[in-house]
Amino acid sequence: MPGTCVIGLQWGDEAKGKIVDLLTRDHDIVVRYQGGANAGHTVVVGPEVYKLSLLPSGVLTPGVTCVIAGGVVINPAKAIEELDELASRKVEDYDNLLLSDRAHVIFPWHFAEDRAMDRNTSDGENIGTTGRGIGPCYRDKVGRSYAVRLGDLYRDTFADQVRHNVAEKNRLLAAMVPPEEFEALDAEAIIKQYTAYAERLRPYVADTTEYLLSAAEEGKRILFEGAQGALLDVDHGTYPFVTSSNSSGVGISNGSGVPGRYIDKVIGIVKAYSTRVGGGPFPTEQDNEIGQRIRDQGNEYGTVTKRPRRCGWLDAVAVRYTSRLSGVDSICVMLLDVLSGLEELKICTAYEIDGKRSLAFPSHVDDIRKVVPIYETLPGWQEDLSGVRSLDELPHAARDYLDRICELVGIPVEMVSVGPDRSQTIPVNSDSVVGATL
Ligand code: GDP
Ligand code: IMO
Ligand code: MG
């Protein structure tokens with residue numbers, strides 16, 4: 001069975017891009033199957049830093065076919081921008097790419113709706129979206145009446161589809177947006193703009209469901225690249241402070257069209273601490289000196305929006321939940337180097353809610369807000385880890401920290417990352433598996 005998946009187990013930005021890039025060389029195909037340009041994946045190749053929002057991180061490895069499957073929402077301008085950037089940086093084979101004709105397309109009205117809706121949540125706290133039109137595009141997909149799929153751009157009916165949508169969206173937006181911000185959308189200008197995008201992207205558009213099914217049946221090795229993190233999953237995350245797709249492991253098949261029987265390995269990506277961008281509950285948040293120190297040391301600022309990321313201690317209750325939810329076989333612990341220099345480290349091992357101790361992750365946002373984390377304190381280490389390349393070279397305290405994560409989450413560690421570069425990675429092989437006794 002040829003399929004491997006990489007899933008973020010927190011609120012995104014766990015350094016999935018680095019692991020996808022490393023694993024790509026052992027695969028024939030890399031697939032993005034949910035989300036859109038709300039993702040921001042950084043891949044460091046020697047002196048070069050690549051930031052990708054829409055294209056799979058696999059594009060940086062020649063000889064691999066990259067697929068954007070039907071579950072992704074595509075901003076065509078962003079796809080073109082990223083292709084142009086890779087071309088200008090002379091990335092070999094950068095456009096060995098297929099875009100699903102089933103993928104839904106983001107239009108200018110989605111950006112306007114994203115801004116307007118995020119100011120008007122019934123919860124009172126804003127979601128703090130990336131403003132990339134993701135939620136409104138997925139809402140139109142499910143609502144059907146105003147949806148446009150990539151394949152529609154090549155049909156005679158496209159112009160009328162846009163005219164129909166623009167008439168309705170102008171009415172909606174006029175009611176949603178403060179009058180001084182309302183700018184009527186011009187259907188003919190949008191048709192012209194999107195027709196040009198469609199021509200540019202024509203060589204890449206395909207029925208990727210059929211392509212991937214055939215590839216899986218032929219035994220091709222497929223790597224599924226999750227975006228966001230499982231706690232942002234629309235059905236199983238910290239709802240409503242989530243993204244609009246299934247970003248946990250449950251989304252792989254519905255987004256790609258590839259059934260679970262072809263997926264034999266799920267790798268969970270875990271930051272050695274926790275971060276979150278935007279609104280919503282975050283039980284182990286450290287809105288204090290510790291959080292600031294982690295932010296400074298980990299350069300925790302959003303790849304897409306540049307917003308400072310909220311930082312806090314590792315939450316083993318949450319990671320245990322998301323690793324079970326995603327059917328994770330092994331985890332990669334990322335950014336361990338960022339914790340060097342702290343006297344002591346805390347891991348949240350259980351929650352207290354209304355005076356009761358629990359290991360379950362609550363389903364309602366108000367209960368997550370009530371969580372009082374129960375921490376275990378471990379000694380820190382002072383050594384710089386960025387040059388460490390084997391488990392034996394790690395300070396004892398760092399090794400103990402990894403062992404404890406394994407025990408609490410119940411999943412063995414497969415890789416440890418101590419810096420952004422491909423080389424700053426500690427493989428954990430079978431004779432030194434952290435958590436092998438689990
Ligand atoms: P993704 O969205 O999950 O792909 O993660 P991002 O790219 O948004 O954020 C991870 C950031 O951490 C990027 O800037 C990476 O270059 C960087 N990074 C990856 N691994 C490590 C690591 O082990 N240590 C440090 N210090 N930085 C890392
Ligand atoms: P990667 O793939 C971190 C967050 C936003 C907001 C919420 C909803 O880089 O891990 P959206 O624009 O999706 O409607 O915003 O989800 N969010 C992310 N946070 N990493 C991401 O992607 C994210 N994608 C969305 O900050 O709180
Ligand atoms: Mg990111």
Side-chain angles (χ1 to χ4, degrees), residues 8-18 35-44 49-54 57 78 111 114-115 117-119 121 123-135 227-232 237-238 240-244 247 269-315 318-319 322 333-342 345-348 365 368-369 371 373 375 380 385-386 417-420:
L9 296 184
Q10 293 149 310
W11 283 284
D13 301 326
E14 299 90 349
K16 300 173 291 294
K18 169 171 169 169
N38 48 349
H41 299 173
T42 309
V43 181
V44 178
V49 179
Y50 299 93
K51 292 190 183 289
L52 298 162
S53 283
L54 187 56
S57 304
K78 192 74 193 162
F111 297 105
D114 203 355
R115 282 191 296 274
M117 281 163 59
D118 205 12
R119 281 195 293 248
T121 57
D123 181 88
E125 183 178 353
N126 288 356
I127 297 169
T129 74
T130 58
R132 298 299 188 264
I134 305 295
Q228 289 80 54
L231 293 170
L232 290 171
T238 52
F241 298 95
V242 292
T243 191
S244 300
S247 49
I269 313 299
V270 184
K271 212 175 249 196
Y273 46 93
S274 305
T275 61
R276 165 158 221 178
V277 199
F282 179 177
T284 61
E285 180 168 19
Q286 298 299 300
D287 189 11
N288 54 28
E289 262 171 48
I290 297 276
Q292 188 57 45
R293 185 174 171 158
I294 293 176
R295 186 175 305 114
D296 291 342
Q297 215 144 310
N299 192 24
E300 292 292 356
Y301 294 87
T303 312
V304 173
T305 57
K306 314 282 179 251
R307 291 178 289 180
R309 295 176 183 149
R310 299 157 64 192
C311 298
W313 297 120
L314 185 76
D315 183 343
V319 174
T322 53
V333 179
M334 312 301 288
L335 294 106
L336 188 66
D337 54 301
V338 171
L339 296 179
S340 291
L342 290 165
L345 303 170
K346 290 185 196 291
I347 303 181
C348 171
V365 66
I368 310 173
R369 284 181 171 128
V371 164
Y375 288 114
L385 303 188
S386 59
S417 175
V418 291

Interatomic distance, CE@M117 vs CG@N126, rounded to 0.5 Å, equals 12.0 Å

With side chains defined as the heavy atoms from C-beta onward, is the minimum distance between V270 and Q10 less than 4.5 Å? yes

Suppose we screen for salt bridge (charged side-chain N to carboxylate O under 4.0 Å, His left out). Which residues come up paired with K16, at least two apart in sequence or across chains? E14

Only counting residues at least two apart or in another chain, list the ones meeting side-chain hydrogen bond (donor to acceptor under 3.5 Å, both in side chains) with R307. T305

According to side chain to side chain contact (heavy atoms under 4.5 Å, CB included), who are the partners of A318, at least two apart in sequence or on a separate chain? L231, D315, Y351, F361

Residues that P308 engages under side chain to side chain contact (heavy atoms under 4.5 Å, CB included), provided they are two or more places apart: R295, Y301

At their closest point, which heavy atom of G298 faces which heavy atom of L335, and how far apart are they? O-CD2, 4.5 Å

Under 3.5 Å donor-acceptor, E125 side chain and G280 backbone: yes

Within a strict 4.5 Å, meaning less than it, do heavy atoms of the I347 and W313 side chains meet? no

According to side chain to side chain contact (heavy atoms under 4.5 Å, CB included), who are the partners of T129, at least two apart in sequence or on a separate chain? D114, D118, I127

Could you pull out the closest heavy-atom pair between S57 and L52, with the gap in Å? CA-CD1, 3.8 Å

Working to the nearest 0.5 Å, report the span between CZ of R369 and CZ of F282. 15.0 Å

Nearest heavy-atom approach of T322 to L9 is OG1-O, 2.8 Å

Say whether, by atom type as modelled, one donor and one acceptor occur between the side chain of D337 and the main chain of S340 under 3.5 angstrom. no

Residues two or more places apart in sequence or in another chain: which of them pass side-chain hydrogen bond (donor to acceptor under 3.5 Å, both in side chains) with T130? none

Any side-chain heavy atom of T284 sitting closer than 4.5 Å to one from Y375? yes

Taking only residues two or more places apart in sequence, or in another chain, which ones meet S244 in a side-chain hydrogen bond (donor to acceptor under 3.5 Å, both in side chains)? none

Strictly distance-based, threshold 3.5 Å: is any side-chain N or O of S247 a donor or acceptor partner for the main-chain N or O of A227? no

I'd like to check Q297 versus L339 (side-chain heavy atoms, cut-off strictly below 4.5 Å). Are they in contact? no

F241: what forms a ring pair (Phe, Tyr, Trp, His ring centres under 6.0 Å) with it, not counting sequence neighbours? none

Nearest heavy-atom pair of T243 and N38: which atoms, and what distance? OG1-ND2, 3.2 Å

Not counting sequence neighbours, which residues clear side-chain hydrogen bond (donor to acceptor under 3.5 Å, both in side chains) with T303? List them please. R309

Set of residues satisfying side chain to side chain contact (heavy atoms under 4.5 Å, CB included) with respect to F111, sequence neighbours excluded: N75, I106, R115

For residues 270-292, the salt bridge (charged side-chain N to carboxylate O under 4.0 Å, His left out) pairs (sequence neighbours left out) are K271-E300, E285-R310

Hey, does L342 have a side-chain heavy atom less than 4.5 Å from the side chain of R293? yes

Do you know the tightest heavy-atom contact between N288 and I290? OD1-N, 3.0 Å

Atom NZ of K78 and atom CZ of R132: how far apart are they, to the nearest 0.5 Å? 6.5 Å

Work out which heavy atom in G17 is nearest to a heavy atom in V43; give both atom names and the distance. O-CG2, 3.7 Å

Measure the shortest side-chain to side-chain distance between D13 and W11 over non-hydrogen atoms and say whether it is less than 4.5 angstrom. no

